[in-house]
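Working notes, structure below.
Computed from a predicted model, the values in this text were never measured in an experiment. Because only heavy atoms are used, hydrogens play no part in the values below, and waters and symmetry mates are left out as well, while side chains stay in. Every chain is numbered from 1, with letters handed out A, B, ... down the list of sequences.
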Amino acid sequence: MGKIKLENVTYYYPNAVNPALQNINLTVNNGEFVLLLGSSGSGKSTLLRSIAGLIPNFYPGKLIGQVLIDEVNLNRLSPRQIADKIALLFQEIEAQMVKNKVENEIAFSLENLGISPQIMKQRVAEISNALNLVPYLGKKLTELSGGMKQKVLLAATLVRQPDILLLDEPISQLDPIVAKDLLSVIRYLHEELGITVIIAEHRLENIISMVTRVVAMEKGEIIYDGSVGAYPRWAVANNYKLIPDIPKLFAQVGFLNTPLNVQEARQIITNMKEPIREENSPTEGRSKPNRAAAKPIITFKNASYKYSPDLLGVKNIKFNFPGGETTAIIGHNGAGKSTLLKLIAGILKADRGQVLLKGRDIKRQPNSLKLGYIPQNPDEFLYLPTVEEELSHNLSTENRASKIENWLNKFNLTAYRYVNPRDLSLGEKQLVVLAAVLIHEPEIICLDEPTRGLDYSWQSNLGKILTELKGKGSTIIMVTNDMEFIAKYTDNIAIMSKGEIIGFGDKYDILTKATFYAPQVNRVFRQVDNSILTYEDGREFLLAPRVCEGLP
Amino acid sequence: MFGNYQAKSNLFYLTNPAVMLGLLISWVFLVLLFQQPLYIISIFVLVNLTMIFSGNFSNLIRQLKYALPLIIIIILINLLFNQNGTTILGSINVFGWLLNFYEESLFYGFISAIKLLTIISAFNFYSLVIDPDEMLNLTRKLGYKISLIVNMSMRLFPLIAEDYGRIQAIQKHRSLVTVNPTTAEKIKDLVPTMSILLMNSLDRSLMTSESLYSRGFNSGNHTVYKQIKWHFTDALLMINIFLLVICALWVQMKGLGFYSYYPKISSFMQINYLVTYILSLLLAFPLLLNWSCKLWAKLN
């Protein structure tokens, strides 16, 4: 059993003036699959913590109201009973890891629950098989990429076979293929074992069609609680930004039954009258905007990097990054994407070969604000006591105040101006880092997973800011697995595998030929117009008069 | 300074972590117990030889690189501020005050540095050869708090070492770190990196304990996924540790462990040499056992 009931729950973190949760009334029935939505800092993680019993057992603060699990007040359950029933996968990966080896990490929770060694071995073997982790069982966690670590921690959570599974951004760092794998395992556990699942996530494309219900939060309050089918229309009617492209597209065009996934949307397109489909045969017009061939700005000359004799970063890279354009680096987790970005940024130095920045070896060039680097983890960047100081650091005195004002506004950080950035949520910290780097308008901008923790609204704002900077001449290189973001805001894509760049081209060339890396919108329209990549392309197509006439 | 555990195929990596903990404690106990330089130097040499033959020579060199400035500081402080000796090596005039450098202070400082280096080597050796996962299983029997402290501190140094380079490089990009810095600037540049390291460590500790709590750590009886095996060599090493400690206590009770550095360095007695041989033999036993195991494996 896994019924959750929150009655008039209000919670204040210690010393906080404003509540993190405000008068929450929520009942999640046994076996429900709920998607928890909300902008960065809206209270999603706090809500999950209160269901997991960490509030008030771990975080003292002030809790009003009660949380009931299977009609029993959480206060009456012992830590063992709670751990036995509820499993929570946190957002922060590194801090959750307790053991040294993958296999031991997966088994750790089972040891704590007193499961017999025989059963433990069976369960570890089962979950490792399901998540394709068998080859990694003997490896050290520190040797794995961020995405792989997340996968291991998910395995360590799922292996407990809890009644209630709470997931806080479980796929934020995973490549699309691995993310789909993981979600299918979660779906299997939900469907076959009847586990109650609450998942908080910003990447909704693959999740929204799996869930039965959506709960949206803002400023600690629930603003929507209803069926997943009704959610897109509600979101469009209320101009709520947290909605994936496919349902948003069809809801905005006026469909009553909004499709939630590629399959449902394609069915609608397929049901169009035949002549319409013929008239809209694949066009070349939308693809490949006519751009002059860009001059290379960063050149890799047989560059290699190894973290240790057994741990490859990148090998023998021969490549030119075009200047003044946006290039996304994609590939499986552990392919060497972040290593490549760090070599460009000069954070790592190539063991062999050279990395040239405007024709000069990067090792011999002094550090300069002309090259901005945004790390995957904002906590490695933020140091100064206020958001304003983070932005003003090393900023030229010319128009300093107005620049800070402008960039605080751009990232909606004015309210946090005098707040310590480390007290903000992950998404908000990410915004501070972005603002602190982009305020210098660097000539080359390197971003490692820039959309991690950002909701759709912020992803869109970031995309616009990056486009604006590109317009001013900046070269943008980003590592991301967010294919929707790539489809909208990049020019080129480099594909990496096992430390090598195995493909490069215009985004239209790469994405329209891809199977798993193609954005969802492209997969919907592929049969009628393969050049459609983004929400805007799809909207343009659906609103064309001849298509409107042909709609069922 | 402290290295990471990386499995290797020699006796030290296969030994029960409790026995290895016993070995570590006995080394630290001995080096703190004795004042006699001969014994201290023999412990220092054998601890470092053990580290080398466990396959960690490069780690020893790295450790020396970090520890060397510390050793020099200890020797200098003793030389400058300890004025109890009698054999003057030299003097300088500091604002009208004559500062003498004594042979005894230099020697005492040197032996103190050796003591510290031995302790650093012993802990480094332990962090290199003990699987932290096995250590966690072992310390769980000693209680929640001890287990948590041991686990977090074993993870702390390698994690800080990993974070340091990455954060330093990121801060360079923010130009918080000066290009071609002077020594004063180098120290100043450390501030942001160290602050972030400290803040991250605190945040991480909080999050780790939160994760441990939610995963049912210390919530009642627990089981062990992989039982730590007890080998015949573990028993031999335990006997060796026991003999070593008994021998050290006997030496100390007989007054053979004491040594006088001031006002003049004492000379060594014949019995001191004999005790050094015996202690060295006992300290070398793990090395001999390691070689015997390798030989046995080859013969088989």
Exercise. Would you call B:R204-A:D379 a salt bridge at under 4.0 Å N-O?
Worked result: no

Problem set entry | B:L197 versus chain A, the contacting section by heavy-atom distance below 4.5 Å | neither

Exercise. Does any heavy atom of chain B fall under 4.5 Å from the side chain of A:E390, the backbone, both, or neither of them?
Worked result: both

Exercise. Is the shortest heavy-atom distance from the side chain of A:Y383 to the side chain of B:I170 under 4.5 Å?
Worked result: no

For this session: Taking the side chain as every heavy atom from C-beta outward, state whether A:L88 and B:R215 have any atom pair closer than 4.5 Å.
Result: no

Exercise. What distance separates B:S214 OG from A:F90 CZ, expressed to the nearest 0.5 Å?
Worked result: 4.0 Å

Problem set entry | B:E210 vs A:Q96 side-chain heavy atoms within contact, under 4.5 Å | no

Exercise. Can you tell if the side chain of A:R422 reaches within under 4.5 Å of the side chain of B:N200, non-hydrogen atoms only?
Worked result: yes

Exercise. Side chain, backbone, both or neither: which part of A:L348 has an atom under 4.5 Å from a heavy atom of chain B?
Worked result: neither

For this session: For the pair A:S109 and B:F217, evaluate side-chain contact (heavy atoms from CB on, under 4.5 Å) and give the outcome as yes or no after the intermediate values.
Result: CA-CA 7 Å; A:S109 300; B:F217 190 66; over 6 Å; no

For this session: Any chance you could lay out the side-chain contact (heavy atoms from CB on, under 4.5 Å) test for B:M199 and A:L382, step after step, and finish with the verdict?
Result: CA-CA 10 Å; B:M199 287 187 286; A:L382 301 168; over 6 Å; no

For this session: Show your working on side-chain contact (heavy atoms from CB on, under 4.5 Å) between A:E380 and B:Q171 and close with a plain yes or no.
Result: CA-CA 8 Å; A:E380 289 176 356; B:Q171 293 309 317; over 6 Å; no

For this session: Could you tell me which portion of A:L110 (side chain, backbone, both or neither) has an atom closer than 4.5 angstrom to a non-hydrogen atom of chain B?
Result: backbone

For this session: Check step by step if side chain to side chain donor-acceptor pair (under 3.5 Å) holds for A:R80 and B:N218.
Result: CA-CA 8 Å; A:R80 166 63 60 92; B:N218 192 39; over 6 Å; no

For this session: Just do the ring pair (Phe, Tyr, Trp, His ring centres under 6.0 Å) check on B:Y225 and A:F108 with the steps written out, would you?
Result: CA-CA 8 Å; B:Y225 182 62; A:F108 178 66; over 10 Å; no

Problem set entry | Distance in Å, B:T208 OG1 paired with A:M97 CE, rounded so as to fall on 0.5 Å steps | 9.0 Å

Exercise. For B:S205, is it the side chain, the backbone, both or neither that has a heavy atom under 4.5 Å from a heavy atom of chain A?
Worked result: neither

For this session: Please determine if B:E134 and A:K99 form a salt bridge, counting it only when a charged side-chain N lies under 4.0 Å from a carboxylate O.
Result: no

Exercise. Checking A:K121 against chain B: side chain, backbone, both or neither under 4.5 Å from a heavy atom?
Worked result: both

Exercise. Do you know which of B:A7, B:P132, B:G165 has the most heavy-atom pairs under 4.5 Å to chain A?
Worked result: B:P132

Exercise. Quick one: are B:D133 and A:E105 in side-chain contact, heavy atoms under 4.5 Å?
Worked result: no

For this session: Classify the side-chain pair A:N112/B:R140 by whether it contains a donor and acceptor separated by less than 3.5 Å.
Result: yes

